[in-house]
S.K.: 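The structure is given below, and queries will be raised subsequently.
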Amino acid sequence: MNLIDRDKKYIWHPFTQQKNMASPLPIVKAGGSFLYDENGNSYIDAISSWWVNIHGHAHPYIAKKIYEQASQLEHIIFAGFTHEPAVTLAERLIEILPGNFSKIFYSDDGSTSTEVAIKIAIQYWWNRSILNGEWSNSNQELTATSNQQPATRNKLLAFNNAYHGDTFGAMSVSDRSVFTLAFHDLLSEVIFIDTPDEHNISSIKEMITSHENSIAAFIYEPLIQGAGGMKMYNVVLLDELLHFIRQKNIICIADEVMTGFGRTGKMFASQYLQSEPDIICLSKGLTGGSMALGVTACSENIYNAFVTDDAKKTFFHGHSFTANPIACAAANASLDLFENSDALKNIQHITEQNIAFAQQLRQFNGIKNVRSLGTILAFEIDKGEDVYLNIISHDITKKALEKGVYIRPLGNTVYIMPPYCITSEELNKVYSVLLELI
Ligand SMILES: Cc1ncc(COP(=O)(O)O)c(C=O)c1O
């Protein structure tokens, strides 16, 4: 059996309707911006393989660091043990993160990083509300020894159209969409608000005020909602909203899983804002896209609510591969590349080229909402509904591949998010394929 038949027999692919699924493309190697199939065809990976691959594929420096780490210490349980790559990475992240962060909690990917953030935020309020709590032996329920126990906050605040991942907590704070349809009855209570504009900001504030004593945390994708259709929104009003929310003592969780590590032009999208988050979630570009790793960083104040003689206030969360040394070594290597390579300069070039190309695109009929932010450029094909299930995406992916470029639109939202190593010529090739498709 060839690879495709073996795949069809044994594999269930993510985010893919299996019925009448187009045959997956077998890729045998990758390097820089390019993917190579078994027939020797090459494709520019214009979306960095689901937005993760920031320095280009199979980067020799990251590969070398992964090899060295794998030969030295490939894995160790992270409860009761520690290791150099995890500590070094934590030190380096704390140094560059936009906010007053003091602790790093490791997990596996973007979804687990937001799941951890949500759990930390809810348990923060629970830990604070339980005054000298003790377990009743009879019914295993927690009872407080004080009658003046403050009420805990356990509701979450999130944006409509958000995407924070596929685990249950992450789904709960994501848009109620086709992704979550089967689970709506099981998801946690979340107060959804629109992203702010001049017309709705006052009513959003009123809505928050009416729930302020029950909201534990607000989670948001700063500046741009990725999976929700690359929707860019008003940075000044987001800042105003965050400032307002912080005044209500609501924990602010910046989900920078997609925007982190240079995507929007700055190292972190939160750096466009005055208001700093209390918790930040990272993954995707964290390891240069080479290994799965998630990070949830939090402020000292939040961490301190878990530091107590009361064992019940422990954060009982962890994954088998927490702080995997190879993944941490890959992340350190990726940070080295930001210091020692042209990554930051390249981000600037891509940003400028995107702005110029967006200008050109605006003259075309048949497309709308042309927009760009840093290395991200997006627009909608003006055909059918503006929804994820618009099947035009399949056609576009197929036609672009035939022309040597890989893109994967979100419904009729076409976007590019290339690796930073992409050259001007390669980027021009991507643009010319987009123009041909239009
Ligand atoms: C903003 C954001 N948060 C969380 C996630 C989930 O990350 P993962 O797919 O690594 O679980 C994504 C994935 O696209 C994302 O864009």
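Given the structure is predicted, the values throughout are model-derived calculations rather than measurements. Just so you know, ligand 1 is whichever comes first in the structure, and atom 1 is the first atom listed for that ligand. Here, residue 1 is the first one in the sequence, and each next residue gets the next number. Side chains included, hydrogens not; waters and symmetry mates left out as well; all remaining heavy atoms used.
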S.K.: Do His319 and His317 make the cut of ring centroids closer than 6.0 angstrom?
M.R.: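 Yes - the distance between ring centres of His319 and His317 falls below the 6.0 Å cut-off.
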S.K.: Cationic tip of Lys368 within the cone over Phe379's six-membered ring, i.e. under 6.0 Å and within 45° of the normal?
M.R.: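 Geometry flag: not set, cation outside 6.0 Å or 45°.
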S.K.: When the ring centroid of Phe321 is compared with that of Phe78, is the distance short of 6.0 Å?
M.R.: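 Between Phe78 and Phe321, which both carry aromatic rings, the centre distance is not below 6.0 Å.
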S.K.: Name the residues with a heavy atom less than 4.0 Å from ligand 1?
M.R.: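 Residues near ligand 1: Trp51, Asp109, Gly110, Ser111, Tyr163, His164, Gly165, Glu221, Asp255, Val257, Met258, Lys284.
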S.K.: So, for Tyr43 and Tyr406, is the gap between ring centers shorter than 6.0 Å?
M.R.: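 Distance test on ring centres: not under 6.0 Å, no.
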S.K.: Could you tell me whether Glu212 and Lys205 have a side-chain N and a carboxylate O separated by less than 4.0 Å?
M.R.: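 Answer for the salt bridge query: no.
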S.K.: Before you tell me yes or no, could you show the steps for Glu339 and Arg92 under salt bridge (charged side-chain N to carboxylate O under 4.0 Å, His left out), namely the whole-Å CA-CA distance, both residues' side-chain angles and the distance that decides it to 0.1 Å?
M.R.: CA-CA 12 Å; Glu339 286 167 15; Arg92 294 176 80 178; 3.3 Å; yes
